[in-house]
Amino acid sequence: MHMSKWNIASFSKEVQDKVAVDKVAAAVAWQERMNKPVVPELVEREQPEHLREYFHERLRVHRLNSQQLPRANAPEYNKPGDDQQN
């Protein structure tokens, strides 16, 4: 069976763990941007100890990237009919 070079299951356990931590960091940055409740310090403590600094680095990157994206109240996120409140 041929596995794609992009199939995470074909990566080493170490790389899979880093991908998982990166996803968590991206989710924290998204929650912050969307004004959703999140406590980054608690999320960081849930990560494997040897990857906490990596989590911190990735969170910094995702926060920087988030500055270029629309905030929670941006018109892009309005659903049809949201502007017709009585």
Side-chain angles (χ1 to χ4, degrees):
M1 173 181 216
H2 172 67
M3 286 205 171
S4 162
K5 67 180 180 175
W6 303 113
N7 184 339
I8 295 170
S10 68
F11 295 175
S12 70
K13 174 77 169 111
E14 179 182 336
V15 172
Q16 288 180 33
D17 289 348
K18 286 180 98 172
V19 169
V21 168
D22 188 36
K23 285 174 56 178
V24 171
V28 168
W30 179 84
Q31 287 172 298
E32 291 173 339
R33 185 168 60 88
M34 301 308 264
N35 298 322
K36 306 255 183 219
V38 63
V39 181
E41 294 78 18
L42 292 179
V43 176
E44 182 177 348
R45 280 187 235 147
E46 294 171 355
Q47 305 314 305
E49 192 169 342
H50 70 284
L51 291 175
R52 287 183 188 162
E53 183 55 37
Y54 181 72
F55 170 83
H56 215 61
E57 291 170 20
R58 296 308 300 159
L59 183 56
R60 265 193 303 275
V61 168
H62 290 297
R63 283 174 170 164
L64 284 172
N65 290 337
S66 284
Q67 293 174 3
Q68 309 302 316
L69 299 170
R71 305 298 293 182
N73 58 355
E76 294 91 328
Y77 298 125
N78 287 342
K79 295 181 186 124
D82 277 358
D83 57 341
Q84 299 173 1
Q85 294 178 351
N86 294 334

Exercise. Looking at residues at least two apart in the chain, or sitting in another chain, which of them share a side-chain hydrogen bond (donor to acceptor under 3.5 Å, both in side chains) with Glu32?
Worked result: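 Once residues adjacent in sequence are excluded, the partners of Glu32 under the side-chain hydrogen bond (donor to acceptor under 3.5 Å, both in side chains) criterion are Arg63.
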From [X] atom [atom1] to [Y] atom [atom2], the distance as rounded to the nearest 0.5 Å:
X     : Y     : atom1 : atom2 : answer
Glu41 : His56 : CD    : NE2   : 8.5 Å
His62 : Glu57 : NE2   : CD    : 11.5 Å
Met34 : Ser66 : CE    : OG    : 10.0 Å

Exercise. Under the 4.5 Å side-chain heavy-atom rule for ILVMFWY, direct or indirect, which residues accompany Ile8?
Worked result: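 Other cluster members: Phe11, Val15, Val19.
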For this session: Using salt bridge (Lys or Arg N to Asp or Glu O under 4.0 Å) as the criterion, list what pairs up with Arg33, not counting sequence neighbours.
Result: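 With neighbours one apart ignored, the set is empty.
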For this session: Please list, chain by chain and in numerical order, all residues satisfying salt bridge (Lys or Arg N to Asp or Glu O under 4.0 Å) with Arg60, sequence neighbours excluded.
Result: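 Testing Arg60 for salt bridge (Lys or Arg N to Asp or Glu O under 4.0 Å), a comparison that skips the adjacent residues, returns Glu53.
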Exercise. Is the shortest side-chain N to carboxylate O distance from Asp22 to Lys18 below 4.0 Å?
Worked result: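 Salt bridge between Asp22 and Lys18, a charged N being under 4.0 Å from a carboxylate O: no.
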Exercise. For the residue pair Asn7 and Ser10, what are the closest heavy atoms and their distance?
Worked result: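 That closest heavy-atom pairing would be O-OG, 2.6 Å.
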For this session: Please name all residues satisfying side chain to side chain contact (heavy atoms under 4.5 Å, CB included) with Val43, sequence neighbours left out, ordered by chain then number.
Result: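 Expected list: Val24, Val28, Val38, Gln47, Phe55.
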Problem set entry | Under the side chain to side chain contact (heavy atoms under 4.5 Å, CB included) test, residues paired with Glu76 that sit two or more places apart |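 With sequence neighbours excluded, Glu76 shows a side chain to side chain contact (heavy atoms under 4.5 Å, CB included) to Pro70, Ala74, given in chain and number order.
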For this session: With side-chain contact (heavy atoms from CB on, under 4.5 Å) as the test, would you mind laying out the steps for Lys36 and Trp30 before giving the verdict?
Result: CA-CA 8 Å; Lys36 306 255 183 219; Trp30 179 84; 3.8 Å; yes
For this session: Would you sort out whether Gln67 and Leu64 count as a side-chain contact (heavy atoms from CB on, under 4.5 Å), showing the intermediate values?
Result: CA-CA 5 Å; Gln67 293 174 3; Leu64 284 172; 4.2 Å; yes
Exercise. Is the closest side-chain heavy-atom distance between Leu59 and Pro40 below 4.5 Å?
Worked result: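 Heavy-atom side-chain distance check passes, below 4.5 Å.
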